[in-house]
There are 2 protein chains.
Amino acid sequence: MNSPTVQIVDDDSAVRDALQWLLQSRRVASRTWESAEAFLDFVSPKLCGCLLLDVRMPGMSGIELFDRLRALKCRLPVIFLTGHGDVPMAVQALKDGAFDFIEKPYDDNALVDKVLAAIDHDTRRSAKDGSLLLLQQRLAQLTQREQEVMQLILAGKLNKVIADELNIAMRTVEVHRSHIFEKMQVRSAVELSQVLGVLGDTQDY
Amino acid sequence: MNSPTVQIVDDDSAVRDALQWLLQSRRVASRTWESAEAFLDFVSPKLCGCLLLDVRMPGMSGIELFDRLRALKCRLPVIFLTGHGDVPMAVQALKDGAFDFIEKPYDDNALVDKVLAAIDHDTRRSAKDGSLLLLQQRLAQLTQREQEVMQLILAGKLNKVIADELNIAMRTVEVHRSHIFEKMQVRSAVELSQVLGVLGDTQDY
DNA sequence: GTGCTATTTGCGGAAATCCACAATAGCCAG
DNA sequence: CTGGCTATTGTGGATTTCCGCAAATAGCAC
């Protein structure tokens with residue numbers, strides 16, 4: 001969809017311009033916002049790249065915006081910018097999943113490096129999310145009954161046992177079984193268990 | 001093995017005593033060290049609990065000790081203590097896997113909470129490591145050939161195909177297969193794939 | 001050499017899976 | 001009401017898995 005872009009949110013136009021100029025000089029696309037509210041109006045799950053976010057702003061603070069974005073499931077990596085060396089805040093932000101926390105004045109090269117790292121991280125995450133989504137779409141194709149049967153298959157139960165537990169004929173289980181394999185695009189219960197295995201560990205940083 | 005203990009490393013005896021007294025008053029076991037070197041001599045993989053570590057010390061710094069511990073695969077959660085609000089250092093430490101980063105002067109209750117959280121984290125990690133170790137011990141029981149066969153089973157291949165690829169009789173594959181299930185204490189290829197699935201995601205914080 | 005383990009193979013049968021062909025029944029949309 | 005989807009079941013056969021019984025070869029340790 002979109003190409004990786006750095007979203008810059010800062011109330012100080014001088015900072016916004018400096019950042020945008022810096023990134024532009026390194027061939028990194030960016031877009032600026034003068035308040036958390038303005039960006040929040042624009043935010044969409046399709047965004048990719050990263051977010052350069054000033055902590056202290058009139059109105060909604062960067063930290064507040066960060067919380068809102070998390071609530072909105074926006075997974076954009078966030079790099080905080082702050083002029084006030086606040087260790088507890090930095091620690092909390094990172095523990096809450098912020099990608100980085102930089103003090104102003106910042107070093108140009110260091111900042112660009114961190115931005116590039118964040119973009120790279122987001123690119124990888126998007127790819128992972130993509131295959132995860134594909135998997136979930138396949139899962140969604142399964143009918144209710146098929147999902148029930150699948151659970152029992154993954155529990156390692158024999159068709160005979162599954163038939164018993166669901167009070168249906170073994171033949172019916174066999175039919176469901178083959179439909180499940182077909183829809184999930186696997187050829188055995190082992191493969192099924194493996195492709196579904198990655199669903200458990202959806203972590204970030 | 002050991003009961004959870006807080007290892008306190010600080011060159012200032014007043015700080016050491018204050019921390020130990022504080023923890024003792026909350027019924028948390030602790031032990032103190034006056035230098036990174038002293039602790040490093042004592043460290044063992046059996047330790048559990050957490051590490052309260054002063055950043056700035058004569059000789060080896062807390063950060064240096066932290067690096068050494070990581071190299072030694074010591075998984076003890078580390079809470080840094082520092083008197084100098086250094087945001088970049090805190091950020092780097094957390095990104096490197098430190099559990100927390102606290103500024104002096106610290107709030108007693110907040111510090112104890114973080115210590116308890118770290119101990120809790122370590123306890124969970126130990127449990128996870130334990131079952132992981134058990135799994136690896138079982139894996140180690142498999143002979144070379146059995147491991148080869150297991151790989152192919154996990155690739156979803158039929159016994160017939162496995163026999164072809166290894167240039168052995170199908171019956172041999174069947175024997176290996178049953179030995180594998182027996183040693184790994186599972187009753188089907190699906191279960192096998194599931195118990196081995198957790199091996200992929202050995203992460204921390 | 002003897003004993004132990006790993007690796008290999010064959011035979012034969014019980015049990016389970018996979019599948020094509022065929023059919024019944026309920027529900028919902030056009 | 002007719003066509004499509006879902007769920008269900010049956011028959012019968014090909015293929016595969018699982019397993020006990022039996023046994024041969026090779027390497028390694030005591």
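Excluded from the calculations below are hydrogen atoms, water molecules and symmetry mates; all remaining heavy atoms, backbone and side chain alike, are included. Please read all numbers here as calculations on a predicted model, not as lab measurements.
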Taking the basic N atoms (NZ, or NE/NH1/NH2) and the acidic carboxylate oxygens, is any pair closer than 4.0 Å for [X] and [Y]?
| X | Y | value |
| --- | --- | --- |
| B:Lys160 | B:Asp164 | no |
| B:Glu148 | B:Arg145 | yes |
| A:Arg125 | A:Asp122 | yes |
| A:Lys104 | A:Asp10 | yes |

Quiz prompt | Proximal nucleotide (of C:dT9, C:dT7, D:dA7) relative to the B:Thr172 side chain | solution =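 Given the options C:dT9, C:dT7, D:dA7, the side chain of B:Thr172 is closest to C:dT9.
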
Nearest whole Å is fine: how far is [N] [atom2] from [X] [atom1]?
| X | N | atom1 | atom2 | answer |
| --- | --- | --- | --- | --- |
| A:Leu166 | D:dA7 | CG | P | 12 Å |
| A:Leu192 | C:dT17 | CG | C1' | 16 Å |
| B:Arg145 | D:dA26 | CZ | C1' | 14 Å |
| B:Glu146 | C:dA6 | CD | C1' | 8 Å |
| A:Gln144 | C:dC27 | CD | P | 17 Å |
| B:Glu182 | C:dA6 | CD | P | 11 Å |
| A:Asp164 | C:dA16 | CG | P | 11 Å |
| A:His179 | D:dT9 | NE2 | C1' | 14 Å |

Quiz item: When you look at CD of A:Glu34, are more than 12 heavy atoms from neighbouring residues, nucleotides or ligands closer to it than 6.0 Å?
Solution: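 At most 12 heavy atoms, drawn from other residues, nucleotides or ligands, come within 6.0 Å of this atom.
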
Quiz item: Any side-chain N or O of B:His176 under 4.0 Å from OP1/OP2 of C:dT8?
Solution: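 Answer is yes, contact under 4.0 Å.
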
Exercise. Please state whether the phosphate of D:dA7, meaning OP1 or OP2, lies under 4.0 angstrom from any side-chain nitrogen or oxygen of A:Thr143.
Key: yes

Exercise. Using heavy atoms to find the nearest nucleotide of DNA chain D for A:Ile168 and A:Gln141 separately, return the residue whose nucleotide is more 5′.
Key: A:Gln141

Practice problem: Can you spot which of A:Thr82, A:Val87, A:Ile79, A:Leu81 makes a side chain to side chain contact (heavy atoms under 4.5 Å, CB included) with A:Phe101? | Solution: A:Thr82

If you look only at distance, which donor and acceptor atoms sit under 3.5 Å apart when one is on a side chain in residues 151-158 of chain A and the other is two or more places apart or in another chain?
{"from": "A:Lys157", "atom 1": "NZ", "to": "A:Glu165", "atom 2": "OE1", "distance (Å)": "3.3"}
{"from": "A:Lys157", "atom 1": "NZ", "to": "A:Glu165", "atom 2": "OE2", "distance (Å)": "2.8"}

Self-check item: Axial bend angle, the helix from C:dG1-D:dC30 to C:dG30-D:dC1: five-pair end segments, nearest 10°
Solution: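 Rounded to the nearest 10 degrees, the bend comes out at 40°.
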
Self-check item: Per-nucleotide protein contact string for nucleotides 13-18 of chain D (B base, S sugar-phosphate only, - none; heavy atom under 4.0 Å)
Solution: ---SBB

Exercise. Using the side-chain contact (heavy atoms from CB on, under 4.5 Å) rule, take A:Cys50 and A:Val115 through it: C-alpha gap first, then chi angles, then the decisive distance, then the call.
Key: CA-CA 7 Å; A:Cys50 73; A:Val115 164; 4.0 Å; yes

Quiz item: How are the rings of B:His179 and B:His176 set relative to one another: parallel (under 30°), tilted (30 to 60°) or perpendicular (over 60°)?
Solution: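 Correct class here is perpendicular.
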
